[in-house]
2 protein chains.
Amino acid sequence: MAKHPSHLESHLGYWLRMVSNAVSREYARKVEGQGVTVAEWVLLRALYEVVTAPPSALAERMGMTRGAITKLANRLVAKSLVSRVQNPLDGRGQTLALTPSGKALVPRLARIADHNDAGFFDALPRADRDQLERILRTLARLNHVTDIPVD
Amino acid sequence: MAKHPSHLESHLGYWLRMVSNAVSREYARKVEGQGVTVAEWVLLRALYEVVTAPPSALAERMGMTRGAITKLANRLVAKSLVSRVQNPLDGRGQTLALTPSGKALVPRLARIADHNDAGFFDALPRADRDQLERILRTLARLNHVTDIPVD
DNA sequence: TATTGTTATACTCTATAACTATA
DNA sequence: TATAGTTATAGAGTATAACAATA
């Protein structure tokens, strides 16, 4: 027997958001001391994977507009974590890359993410964690959520 | 064999955020026509479940500050979706509740959420969807993400 | 004094649209 | 004209801290 009106039955997206927000908020708190935000971490991580990319490619990959990337990149350049150099072959193009300190920071942020994940997910049985990761990656792929490591 | 440096191995929280953001962004787009935002939907849904609540209780339940609830509630009161009345027993207290139009709106928003979910999750086998919901609810409970229907 | 709620302030995140420079 | 990127503007979301009224 359903315990709720049918229209409040499931809402996977709602639960996803609740849990995701909690995890991200806690991560934000933990990396505050490293001087970066969650959005910055996402950009740094993406850039770590592709090594160099024009803003437009990151926008595509991260599902954001170019304007949003510009703003994020500006902050990261100001923090000397990202470099922006002009494409010599096309006067319009810019190339973003991690600076040495940016490259050094990513593994530290990743370690913090691992610890943060542990705090939230270690209470789950290992099988559930594996399931969850598999399902999330499947969803990302099926729905063209694009920051997917190319294995 | 690991295909990535160990520090970019998993990051469940990262994937959670990627997928959740995609789902929420699409939902936001769909309910724009109803004149509400995602955060407003969360408050409306919470209020639908508890019927009436002081701002402090919603803040607790939704994991937000009282100030943030005030701001959200102000917008919803301006839209005549929520009412705010003084607690007659305690001059400090306020009680929030859905107005008739608020009450009528929630099922419509819920239906939109269902359709939105379908677009993202129907590509998964039924078993995976059930797993995902179970795991998310478990995580919400274990980590005191508090907007949990009391069954 | 402690508590409830609001207000003031500030910052991140993100989008849209206009603009600039180059192709 | 079309494209890459930046800038301008705006609004949502949220937090912290100060404040007012009440207990």
Side-chain angles (χ1 to χ4, degrees), chain A residues 17-18 20-32 34-44 46 52-79 82-96, chain B residues 17-18 20-32 34-44 46 52-79 82-96:
Chain A
R17 182 178 184 279
M18 285 289 177
S20 169
N21 279 2
V23 175
S24 284
R25 180 161 42 220
E26 182 62 16
Y27 183 69
R29 210 184 54 71
K30 283 184 180 143
V31 295
E32 213 175 19
Q34 308 290 325
V36 295
T37 67
V38 175
E40 289 167 8
W41 150 241
V42 172
L43 193 154
L44 291 171
T52 70
S56 52
L58 286 176
E60 168 83 9
R61 189 179 178 85
M62 297 169 58
M64 294 169 64
T65 60
R66 284 170 300 158
I69 297 292
T70 295
K71 216 169 145 184
L72 262 183
N74 282 347
R75 284 217 310 267
L76 292 166
V77 167
K79 292 174 189 173
V82 163
S83 65
R84 178 196 270 128
V85 302
Q86 237 201 340
N87 180 337
L89 305 174
D90 182 337
R92 298 168 303 178
Q94 298 287 328
T95 302
L96 300 177
Chain B
R17 183 180 183 278
M18 286 289 176
S20 169
N21 280 1
V23 176
S24 284
R25 181 161 43 219
E26 182 61 17
Y27 183 69
R29 211 183 54 71
K30 283 184 179 141
V31 295
E32 212 176 20
Q34 308 289 324
V36 294
T37 66
V38 175
E40 288 167 9
W41 150 241
V42 172
L43 194 155
L44 291 171
T52 69
S56 52
L58 286 175
E60 168 83 9
R61 188 179 178 84
M62 296 169 57
M64 294 168 65
T65 60
R66 284 170 301 158
I69 297 292
T70 295
K71 214 171 143 183
L72 260 184
N74 282 346
R75 284 217 310 267
L76 291 166
V77 168
K79 293 174 189 173
V82 164
S83 66
R84 178 194 270 128
V85 302
Q86 236 201 338
N87 181 337
L89 306 174
D90 182 337
R92 297 168 304 179
Q94 298 286 330
T95 302
L96 300 177

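Letters A, B, ... mirror the listed sequences (proteins, then strands); counts begin at 1.
- Taking CD of A:Gln94 as the reference point, atom CD1 of A:Ile69 lies at 14.0 Å (rounded to 0.5 Å).
- In this structure, the CD1 atom of B:Ile69 is 9 Å from the P atom of D:dT14, given to the nearest Å.
- The structure places CZ of A:Arg17 at 10.5 Å from OH of B:Tyr27, a figure rounded to the nearest 0.5 Å.
- Under 4.0 Å is where a charged nitrogen must lie from a carboxylate oxygen, and between A:Arg29 and A:Glu26 at least one such pair does.
- To the nearest angstrom, C1' of D:dT6 lies 9 Å from CD of A:Gln94.
- Nucleic acid contact for B:Arg75: sugar-phosphate only, since backbone atoms but no base atoms lie under 4.0 Å from a heavy atom of the residue.
- Using a 4.0 Å heavy-atom criterion, one finds that A:Asp90 contacts the sugar-phosphate atoms exclusively.
- One can place CG of A:Leu96 at 12 Å from C1' of D:dT6, the figure rounded to the nearest angstrom.
- Atom CG of B:Asn87 and atom OG1 of B:Thr95 lie 5.0 Å apart (nearest 0.5 Å).
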Please tabulate, one pair per line, each protein N/O and nucleotide N/O from nucleotides 15-21 of chain D that are separated by under 3.5 Å, including the distance.
unit_1, atom_1, unit_2, atom_2, d
D:dA15, OP2, B:Thr65, N, 3.2
D:dA15, OP2, B:Thr65, OG1, 3.3

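- Across B:Thr70 and B:Arg84, no two heavy atoms sit closer than the pair O-NH2, 3.7 Å.
- In this structure, CG in A:Leu96 is found 9.0 Å from CG in A:Leu76, a value given to the nearest 0.5 Å.
- Looking at which nucleotide of DNA chain C each of B:Ser56 and A:Pro88 is closest to, the 5′-most match is held by B:Ser56.
- Rounded to a whole Å, the CG atom of B:Leu72 is 7 Å from the P atom of D:dG13.
- Base contact: B:Thr70 has a heavy atom under 4.0 Å from a base atom.
- Within 4.0 Å (heavy atoms only), B:Arg84 reaches sugar-phosphate atoms of the nucleic acid but no base atom.
- Toward the 5′ end of DNA chain D lies the nearest nucleotide of A:Pro55, the other residue of the pair A:Arg17 and A:Pro55 mapping further downstream.
- Taking atom CG on A:Asn74 and atom C1' on D:dA8, their separation rounds to 13 Å, with Å as the unit.
- Between chain A and DNA chain C, the heavy-atom contact criterion of under 4.0 Å yields a 5' to 3' nucleotide range of C:dT12 to C:dA23.
- When all heavy atoms of A:Ala46 and A:Arg61 are compared, the pair lying nearest together is CB-NE, 4.1 Å.
- In this view, A:Thr65 and A:Ala68 satisfy the side-chain contact (heavy atoms from CB on, under 4.5 Å) rule, not counting sequence neighbours.
- For the side-chain contact (heavy atoms from CB on, under 4.5 Å) test with B:Met64, the passing option among B:Leu43, B:Val42, B:Leu72, B:Leu58 is B:Leu72; the others fail.
- A:Glu60 has its CD atom 13 Å from the P atom of D:dG5, to the nearest Å.
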